[in-house]
Amino acid sequence: MSILVNKDTKVIVQGFTGSEGTFHAEQCIAYGTKIVGGVTPNKGGQEHLGKPVFNTVREAVQATGATVSMVFVPPAFVADAVMEAADAGIELAVIITEGAPVRDMQMAKAYAVKKNMKTIGPNCPGIITADECKIGIMPGMIFKKGNIGLISKSGTLTYEGTNQVVKEGFGISTAVGIGGDPIIGLSYKQLLQMFQEDPETHAIVMIGEIGGDLEIQAAAYIKEHITKPVVAFIAGQSAPAGKRMGHAGAIISGSAGTAKEKMDALQAAGARVVASPAEIGKAVREVLSRA
Amino acid sequence: MNIHEYQAKQIFQKYGVPTPRGIIANTPEEAVANAQELGGSVWVVKAQIHAGGRGLGGGVKLARSLDEVKTLATEILGMTLVTHQTGPEGKLVQKVYIEEGAAIADELYLSVVLDRAAEMPIIMASTEGGMDIETVAHDTPEKIIKIAVDPAIGFQGYHGRELVFGLGITDPAEQKKMISFASKLFKLYMENDAEMIEINPLIKTASGDFLALDGKMGFDDSALGRHPEIEAMRDITEEDPDEREAGQYGLSYVALDGEIGCMVNGAGLAMGTMDTINYMGGTPANFLDVGGKANAETVAKGFEIILKNPKVKAIFVNIFGGIVRCDRIANGILEATKLVDVHVPVIVRLDGTNAPEAAEILKNANIANVIAATDLADGAAKAVAAAKGE
Ligand SMILES: Nc1ncnc2c1ncn2[C@@H]1O[C@H](COP(=O)(O)OP(=O)(O)OP(=O)(O)O)[C@@H](O)[C@H]1O
Ligand SMILES: [Mg+2]
């Protein structure tokens, strides 16, 4: 068990033949991910990395039975690609591309929700179920298999957190980089719930950042629904208060989104909050020995 | 990207959102000529900087004669304006906006911003305009009206009705004007990929007209590619020169007050590194994210920018190589030390792909002030010690 993806998950790549798509699809295949094909308009019928290329996602889904898409198209085309995937019956789109306009993502996300398609990202490292399926750009070899679920906004902190967990002698069930853009797909709340229900996951590492209030919502959810131990780190305690223009941003969230505020909320919700990512491994050991 | 008030008002005018008339000036002489051209007997001289709180900081002043326009423009142009949003160093005023004085009967607040939780834009309004709106929101949240508008349906009549009834506007003619004002503002928010628009105050004049007296606008950087006319409004003098230089090399840099320069890949790990330095009793001198493409050139540039800051006593290079291979970064660091005179200890932690090879490279190079670290905690501890001269 794991969450969302495993060794049997059939994956297509949108933006398959581009340089990024090619490089990372190759790495995913080498990791063991069942990449069953890809989509690049006007290259349908060709073969790439030994897999079939299709003109449209619909054709790819019909021919391969893929349920997940890894999206590598350039920023200006991300919304189009995501909506195409949703329309073709894809169940999960993992959006790696960085720099998609917020307005586009707002529209694409709304459509994905309407079509019951889950999304991860954009601007994220992707998702990995250790030793089974890597959909994204993370260095596969650091993810030793184990019982810790990991959720992080930041890509590099996903790696640092994983590294800490592994060095302490534990491993990862599934790790998800959710991205830090204003509009994202799956967030802490939904993923916490999935990890709570996953028998293979014994503890959860949650890594957040300053800004926004997703971590505050997550804290409320942890308090109500999560019985597994949670270790949390919030990056940006020492970040300076940003220079601003206008006040609307602060009013809308009703919170300043500071690291302190988030750490306090998570602490109050029963999570083990660490002040440095260097403490994540030790904290995992601690909460598991207590549990 | 942010723009100036006068530029925001140009966009407002293009969409028919009413504003007072005004003309931008670079010199006191231009200010007087502008006032003359506008006519009337009362003008407002407004400092143009990318920050709010100008009024309280002395950057917005009323003039009742052309002489006064000249005096005030002379005073404001070239001043370093410090407000609660500029930081203590303030901002240099290079332009003043000369605007006709408006007769204010009532001051309101209106803004459009993305509501991340609702995942759609939201219009916020209040009758408590002109005041410190964050205090209003904090102390009396019921005085802020929030109306989420789903772009899939656009600004509908009911959004307008919620707005005017929420603001207590009862006169049908005034209701119509306010609804038209808000719907145009929403349209321009969407069409220009704005990140936020804030009008504080939005005034009602004695004759019952609504005018945007202030205008702050920020845009989604990811969408600027499709708005060349907005990209053209960029004022690079508003940006920190070091941050801008770093940006040209794909680096993201923010100067801080401490002693330990940081060079990290990824914004999250960069913040986590700063936090760890703090946690271990040191102080970070900067945030520097070298991104996914750390190579000799970017690392050298990073050293150069970090070392411009005379307070820096040690540098901590913390790289978690994912797709980027650590051996390449190690070579990059070695090359960079040849390109730049690095006169402080450099603590290097390289982890991830090919980390053992990288350690070997650094060891063999045997450069006096390059110190290898095994992990984040070890690196931070060594950097803190080095900065203390230990
Ligand atoms: N054209 C005008 N006619 C009359 N009064 C004006 C005019 N423009 C500005 N003012 C007055 O100056 C005050 C400050 O101006 P403005 O709101 O533009 O700048 P600000 O101080 O930067 O705003 P904020 O503090 O909201 O960021 C206004 O609240 C208003 O009372
Ligand atoms: Mg104002």
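Numbered from 1 within each chain, the chains take letters A, B, ... in sequence-line order. Bear in mind that the values here come from a model prediction, so they are computed numbers and not experimental data.
The shortest side-chain heavy-atom distance between B:Arg116 and A:Ile183 does not fall under the 4.5 Å cut-off. Counting heavy atoms from C-beta outward, A:Pro277 and B:Thr276 have side chains that approach closer than 4.5 Å.
Considering all non-hydrogen atoms of both residues, B:Gly272 and A:Ala235 come closest at N-CB, 4.2 Å. Across every non-hydrogen atom of B:Leu114 and A:Pro182, the tightest pair is CD2-CB, 3.6 Å. Nearest heavy-atom pair, A:Glu209 versus B:Gly268, reported as atom, atom and distance to 0.1 Å: OE2-CA, 3.7 Å. In terms of heavy atoms, B:Ser222 sits closest to A:Gly99 at CB-O, 3.3 Å.
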Pair A:Leu157-B:Phe320, side chain to side chain contact (heavy atoms under 4.5 Å, CB included): steps then yes or no: CA-CA 9 Å; A:Leu157 281 175; B:Phe320 205 112; over 6 Å; no
A:Val102 and B:Glu195: CA distance, side-chain angles, deciding distance, side chain to side chain contact (heavy atoms under 4.5 Å, CB included) verdict: CA-CA 9 Å; A:Val102 174; B:Glu195 194 172 69; over 6 Å; no
Verdict with reasoning, A:Glu160 to B:Leu376, per side chain to side chain contact (heavy atoms under 4.5 Å, CB included): CA-CA 9 Å; A:Glu160 181 68 49; B:Leu376 172 56; 3.9 Å; yes
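A:Phe77 CZ: 12 or fewer foreign heavy atoms inside a 6.0 Å radius. When the shell of 6.0 Å around CD of A:Glu98 is examined, it contains 12 or fewer heavy atoms from other residues, nucleotides or ligands. Within 6.0 Å of CG in B:Asp257 there are 12 or fewer heavy atoms belonging to other residues, nucleotides or ligands.
Contact of B:Met190 with chain A is made through backbone and side chain together, with heavy-atom distances under 4.5 Å. For a residue to count as touching a neighbouring chain, one of its non-hydrogen atoms must lie under 4.5 Å from one of that chain's; by this rule B:Phe287 does not touch chain A. Neither the backbone nor the side chain of A:Met107 comes within less than 4.5 Å of any heavy atom in chain B. Contacts between A:Asp181 and chain B at a heavy-atom distance below 4.5 Å involve the backbone alone (N, CA, C, O). In this structure, the portion of B:Asp351 lying under 4.5 Å from any heavy atom of chain A is its side chain and not its backbone. With a 4.5 Å cut-off on non-hydrogen atoms, A:Ala110 does not touch chain B at all. At a 4.5 Å heavy-atom cutoff, the contact between A:Lys167 and chain B is made by side-chain atoms alone. Within the 4.5 angstrom heavy-atom criterion, no atom of B:Ala152 approaches chain A. Proximity to chain B (any heavy atom under 4.5 Å) is restricted, for A:Ile234, to the backbone atoms N, CA, C and O. A:Phe233 touches chain B through its side chain: at least one heavy atom from C-beta onward sits under 4.5 Å away, while N, CA, C and O do not. With a threshold of 4.5 angstrom between heavy atoms, A:Ala259 does not approach chain B through any atom at all.
Under the 4.0 Å criterion applied to side-chain N and carboxylate O atoms, A:Asp104 and B:Arg226 are assigned as salt-bridge partners.
Remark: the backbone N or O of B:Glu119 is paired with a side-chain donor or acceptor of A:Gln106 at under 3.5 angstrom.
Your options are B:Leu269, B:Leu256, B:Thr273, B:Ile277, and the one with the most heavy-atom pairs under 4.5 Å with chain A is B:Leu269. Top candidate by heavy-atom pairs under 4.5 Å with chain B, chosen from A:Thr158, A:Ile184, A:Asn163, is A:Asn163.
Between the side chains of A:Glu279 and B:Tyr279, at least one donor N or O sits under 3.5 Å from an acceptor N or O. In the model, A:Ser238 has a side-chain atom that pairs as donor or acceptor with a side-chain atom of B:Asp275 under 3.5 Å.
The residue from B:Asn265, B:Asp289, B:Ile319 that alone fulfils the side chain to side chain contact (heavy atoms under 4.5 Å, CB included) condition with A:Thr156 is B:Asn265.
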